[in-house]
Amino acid sequence: MSARDAIEIDPPYDFPGYKSTALRAPKQPLIRVAPHPLEIAGPAFSRSFAKESEADLTTWGKSAPLGEKMILVGRVLDEDGKPVRNSLLELWQCNASGRYAHPVDQHNAPLDPNFLGQGKVLTGDNGEYRFVTIKPGAYPWRNHPWAWRPAHIHLSLFGNAYAQRIITQMFFPADPLLPIDPIFNSVPDPEARQRMVCKLDLEQGIEEEALGYRFDIVLRGAKSTPTGV
Amino acid sequence: MGNRTPSQTIGPFFHVGLKWEDGEKVQFAGTGERVVLTGCVYDGGGTAIADALVETWQADPSGKVPGAGAAVRAYGYSRAMTGSDGRYTIETLMPGACTGAGGEKYAPQINVTIFARGLLKAVRTRVFLAAADATRDDPLARAAGARAGTLIASQDAKDRSVWRWDVRLQGKDETAFIDF
Ligand SMILES: [Fe+3]
């Protein structure tokens with residue numbers, strides 16, 4: 001049994017509280033195999049793949065978007081504490097009213113013509129990243145009666161190896177919707193759940209302009225594959 | 001150890017945020033045999049999934065890991081979004097066969113990661129662009145046993161550059177997914 005088995009960190013595929021898992025969760029056991037040479041390597045994105053302007057979601061429109069401006073900073077590390085450098089981090093989110101600039105989103109909340117909700121960066125030499133955005137709103141979804149998603153930012157990470165590729169969500173501290181959100185609570189370990197919650201970090205903000213938040217992200221380590229390779 | 005950030009679903013609203021220009025066209029430094037990999041992603045009820053993100057990562061035509069190069073986007077990597085019919089399509093070059101560190105022989109294949117609403121974590125697997133008998137010694141084909149057939153793309157009888165591979169997340173002929 002590997003260290004990864006001892007604590008279940010990721011949610012299960014089948015989680016009845018989240019209805020869309022019912023027909024989409026694989027039922028057969030995963031096949032455990034040694035990593036293919038491609039899986040311990042990873043795609044290399046040039047720094048120009050993420051333009052500098054894509055780290056600031058508040059300058060996309062003609063004027064500032066509505067909402068509470070925030071600076072999001074953090075580091076991407078692996079389980080051994082090593083920084084994940086030069087790695088693609090993509091972010092998407094709804095606007096301050098809880099509406100995505102997305103054709104499928106039918107939430108009866110206003111679109112913001114100055115907010116697209118899309119950003120990307122490559123991490124720096126210490127795995128660090130910084131986004132400027134606005135705090136997303138909560139929004140209703142049809143999973144169950146009175147279902148509202150807590151405010152969250154979607155994050156997509158490549159790491160330095162294909163095996164590290166992950167998509168996750170970042171939540172905000174003390175959100176009263178967290179205890180009743182099936183997606184957040186699909187993570188079995190309460191401590192692991194808290195690792196999806198950012199921390200207020202005032203000094204990262206801009207005085208009289210934006211609040212600062214910190215969110216560090218930890219990816220799989222090089223040695224933590226199920227086959228121990 | 002054990003302090004990883006957990007996975008969460010991609011949700012239904014990723015199309016704008018994760019859009020890559022020509023994401024479904026794989027770039028390489030060199031040239032090779034042009035192939036198209038296409039198919040549909042289905043749920044356990046046989047319904048096509050219109051909100052899946054399919055990403056592929058593969059060796060170059062000589063079987064090597066594509067390195068950094070002049071391209072802005074990473075060589076060897078693609079991102080496709082399924083349409084309303086559940087179909088994804090990627091345009092690429094035929095991956096070469098390769099040999100692992102322990103001498104294992106890998107048949108020509110493409111590594112696949114699929115994210116979707118309703119998937120709290122990605123499903124991952126590898127699809128073979130080779131006839132079944134050419135995959136017999138491949139480590140995954142061996143490990144998958146009777147389920148290996150779900151990982152073999154079929155070459156179109158008329159257009160030999162087109163390979164078809166459907167993904168079934170659940171149910172009869174469920175695709176063999178892997179953990180590595
Ligand atoms: Fe969302």
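Atom set for the values below is all heavy atoms of this structure, side chains included, hydrogens, waters and symmetry mates excluded. Residue numbering restarts at 1 for every chain, and letters A, B, ... go by the order of the sequence lines.
The main-chain N or O of L18(B) is never found under 3.5 Å from a side-chain atom of E90(A) such that the two would form a donor-acceptor pair. The backbone N or O of A44(A) sits nowhere less than 3.5 Å from a side-chain atom of Y75(B) that would complete a donor-acceptor pair.
With a 4.5 Å cut-off on non-hydrogen atoms, F115(B) touches chain A through its side chain but not through its backbone. Of the atoms belonging to R168(B), not a single heavy atom falls under 4.5 Å from chain A. Heavy-atom distances place both the backbone and the side chain of A143(B) under 4.5 Å from chain A.
When each of M196(A), Q118(A), R195(A) is checked for heavy-atom pairs under 4.5 Å with chain B, R195(A) comes out on top. Residue with the most contacts toward chain A among G67(B), A122(B), G76(B): A122(B) (heavy-atom pairs, distance under 4.5 Å).
Ring orientation note: the planes of F13(B) and Y139(A) are nearly perpendicular, at an angle over 60° on the 30°/60° scale.
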**Message:** Please evaluate residues R165(A) and T113(B) with respect to the criterion side chain to side chain donor-acceptor pair (under 3.5 Å), reporting the C-alpha separation (whole Å), side-chain torsions for both, the decisive distance (0.1 Å), and the verdict.
**Reply:** CA-CA 9 Å; R165(A) 175 95 181 88; T113(B) 300; over 6 Å; no
**Message:** For I10(B) and H154(A): C-alpha separation, side-chain torsions, deciding distance, then whether side chain to side chain contact (heavy atoms under 4.5 Å, CB included) applies.
**Reply:** CA-CA 7 Å; I10(B) 192 171; H154(A) 295 267; over 6 Å; no
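Checked against the 6.0 Å centroid threshold, H36(A) and F180(B) do not count as a close aromatic pair.
Contact check on R124(B) versus E39(A) returns no salt bridge, with no Lys/Arg side-chain nitrogen under 4.0 Å from an Asp/Glu carboxylate oxygen.
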